[in-house]
Number of protein chains: 2
Amino acid sequence: MSKNLDGLPVVPKSCADCTIRETTVCGALHADRLDIVEKFKICDRIIPAHTQLYRAGEQLDEIYNLLSGWVALYRILESGKRQILRIERSGAFLGYQAELKEPLLHSAECITDVAVCVFPRRAFPELLERHPVLGKRLMGMMAHEVARGHDHLTNVGGRSGIERVAHFLLQFFPRHQYRQHALDGDMVALPLTQEMIGDALGLTPVHINRILRQLRERGLLVLHHKTLQLLDLEGLRRMTELSELDGAEP
Amino acid sequence: MSKNLDGLPVVPKSCADCTIRETTVCGALHADRLDIVEKFKICDRIIPAHTQLYRAGEQLDEIYNLLSGWVALYRILESGKRQILRIERSGAFLGYQAELKEPLLHSAECITDVAVCVFPRRAFPELLERHPVLGKRLMGMMAHEVARGHDHLTNVGGRSGIERVAHFLLQFFPRHQYRQHALDGDMVALPLTQEMIGDALGLTPVHINRILRQLRERGLLVLHHKTLQLLDLEGLRRMTELSELDGAEP
DNA sequence: CGTATCATTGACGTCGGTCAATTCGTGTGG
DNA sequence: CCACACGAATTGACCGACGTCAATGATACG
């Protein structure tokens, strides 16, 4: 459990003690109505790094709230290639999809040790039915997911290798993520291998390596020993920003 | 209006006459409760081909139900490149995003003449509040969107050019889309330019052209005069199928 | 310490991009 | 009805980003 770079796996005694509650679906509930999810939930579970939370094709009967740790969602192509769809952090809601009873469309692997809070899949629609606030919250989360997906697609489909990597890594600086000004010199733990970065961005690990060297040599950022250091935020931004408006013809 | 390959623009007199109702958000309502959306909706609107429905950065105050025609959702990169995020057909719900009051994160352009049904943005949360069935339906649509997004990302990030194009085009055969066996020889109208296909797949139009020639020469499919003809479904599938299960180690 | 995984680097090949010219197709105006 | 214009499609020549193959180092773990 010592390798969890996200802090120690957190398994709160009760939902009231859950420190990340606000960032999850449960955050939609008033503190005095937590009994709703408390009764609904099956258990907490700690899952070791490098194991799968669930697999594509599987008929899962649980749904998860990610409490701590890092999880990669991915698909395997016919060629054997792996496409990482998202990297998830605490607060994420995992295993949910349009057709709850159908086999899963993607797999999830724990990158670090992970703590999840387990809900029954069967009864889930009923829970949403009974407590519309939860549905509303989940809806908001899904909408954000769609937007994040667009971002990822735009990155992979529209940018060069070095731009892709810069954009991808920038999203792991929390300050930047929350639209504050990240600071040059900021350091964050990043438990991803170069292969994973490649699988997320549609590039090979060797090329990721060469790109990381370029980014280092250009004084933009450094990734070493699972630690990411920001050197030149402005430079990175110039490389990866969307045009705010849709600048059509003059 | 004659160039609409999707059929003539349909603007039903009332929601009860709406032939595509079942495929939209409104499909969640019983036929005898259509007054709900009927009262809520502002108007219908016909929009000519090659114009924008909305633009990234804009503060939109409407939301749309796409009644007929083809719409491309896209983003413009800093480089000027355009990434097409999705191609939408009738039934799609357009202009919705997590933060309704924030500027839009992507743009939408009408590929053909288009008919939309217009809802007020402001009052929309309240509508969902009052009629949870609509919320549930919308949630299902969003979940499908997420899955479609994963598909697109997997296609762009994980496959070679020819595989990408094959996969992309296959999705326009309705029978295939609905998981029936499309038939060799099937023909469908496809009002996309080669440039659009390229913008969706992260490839240049000239390369799309070369790939289409290959697909033709290999007897897989033909795209000519905005018409797509399927020649060898099995061959195409072999090229683009995901491994059903996540075939991990033996 | 021995082994496994990850990172790093070089040599070389290829897929897809760029530039540019030509053809095709459709719509327009005379 | 024909001439022209414009965007889309098509093709060739050339080049560069990225992939492949393979060898070597660095780290972590039992």
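The structure presented is a predicted model; accordingly, all values stated were derived computationally and were not measured. All chains are named by letter (A, B, ...) in the order of the sequence lines, taking the proteins before the strands, and each is independently numbered beginning at 1.
Remark: A:T23 pairs with A:I20 by the side chain to side chain contact (heavy atoms under 4.5 Å, CB included) rule, at least two apart or across chains. Residues satisfying the salt bridge (charged side-chain N to carboxylate O under 4.0 Å, His left out) criterion with B:E234, sequence neighbours excluded, are B:R237. For B:D61, there are no side chain to side chain contact (heavy atoms under 4.5 Å, CB included) partners two or more places apart in sequence or in a different chain. In this structure A:A108 satisfies the side chain to side chain contact (heavy atoms under 4.5 Å, CB included) test together with A:L53, A:Y54, A:V71, A:L73, sequence neighbours excluded. Partners of B:E163 under the side chain to side chain donor-acceptor pair (under 3.5 Å) rule, at least two apart in sequence or in another chain, are B:S160. In terms of the ring-ring contact (aromatic ring centres under 6.0 Å, His included) criterion, A:H207 has no residue partners (sequence neighbours excluded). When the side chain to side chain contact (heavy atoms under 4.5 Å, CB included) test is applied to B:R216, the partners found at least two apart in sequence or on another chain are B:R213, B:V222. Qualifying side chain to side chain donor-acceptor pair (under 3.5 Å) partners for B:R210, counting only residues two or more places apart in sequence or in other chains: none.
The residue B:G202 sits close only to the backbone: its heavy atoms come under 4.0 Å of sugar-phosphate atoms, none of a base. Among the heavy atoms of the strands lying under 4.0 Å from B:L203 are primed sugar atoms or P, OP1, OP2 only; no base atom is included.
One interatomic measurement links the two molecules: CD of B:E163 to C1' of C:dC15, which rounds to 12 Å at whole-angstrom precision. Across the protein-nucleic acid pair, B:H225 atom NE2 and C:dG25 atom C1' stand 8 Å apart, rounded to whole Å. Separating the CG atom of A:D199 from the P atom of D:dC18 is a distance of 16 Å, rounded to the nearest angstrom. The CD-C1' distance, from A:Q214 to D:dC18, rounds to 11 Å in whole Å. Put simply, CZ on B:R213 is 7 Å from C1' on D:dT11, counting in whole angstrom units. Computed from coordinates, the A:E217 CD to C:dT9 C1' distance equals 12 Å when rounded to whole Å. A straight line from CD1 of B:I208 to P of C:dT18 spans 13 Å, rounded to a whole angstrom. Whole-Å rounding puts the B:L212 CG to D:dA8 P distance at 16 Å.
A side-chain N or O of A:H167 and one of A:R159 form a donor-acceptor pair less than 3.5 Å apart.
For the helix from C:dC1-D:dG30 to C:dG30-D:dC1, the rotation axes defined at the first and last 5 base pairs enclose an angle of 40°, given to the nearest 10°.
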Polar atom pairs between nucleotides 19-21 of chain C and protein, under 3.5 Å, N or O only, would you list them?
none

Scan nucleotides 2-7 of chain C against the protein and return all N/O pairs shorter than 3.5 Å with their distances rounded to 0.1 Å.
unit_1: C:dA7; atom_1: OP2; unit_2: A:Q194; atom_2: N; d: 3.0

Please tabulate, one pair per line, all N/O donor-acceptor pairs under 3.5 Å involving side-chain atoms of residues 193-201 of chain A, not counting sequence neighbours.
unit_1: A:T193; atom_1: OG1; unit_2: A:E195; atom_2: N; d: 3.4
unit_1: A:T193; atom_1: OG1; unit_2: A:M196; atom_2: N; d: 3.1
unit_1: A:Q194; atom_1: OE1; unit_2: A:N209; atom_2: ND2; d: 3.0
unit_1: A:D199; atom_1: OD2; unit_2: A:R82; atom_2: NE; d: 2.9
unit_1: A:D199; atom_1: OD2; unit_2: A:R82; atom_2: NH2; d: 3.2

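Under a 4.0 Å N-O distance rule, the pair A:R55/A:E109 does not qualify as a salt bridge.
Phosphate contact (OP1/OP2 of D:dA17, side-chain N/O of A:H207, threshold under 4.0 Å): absent.
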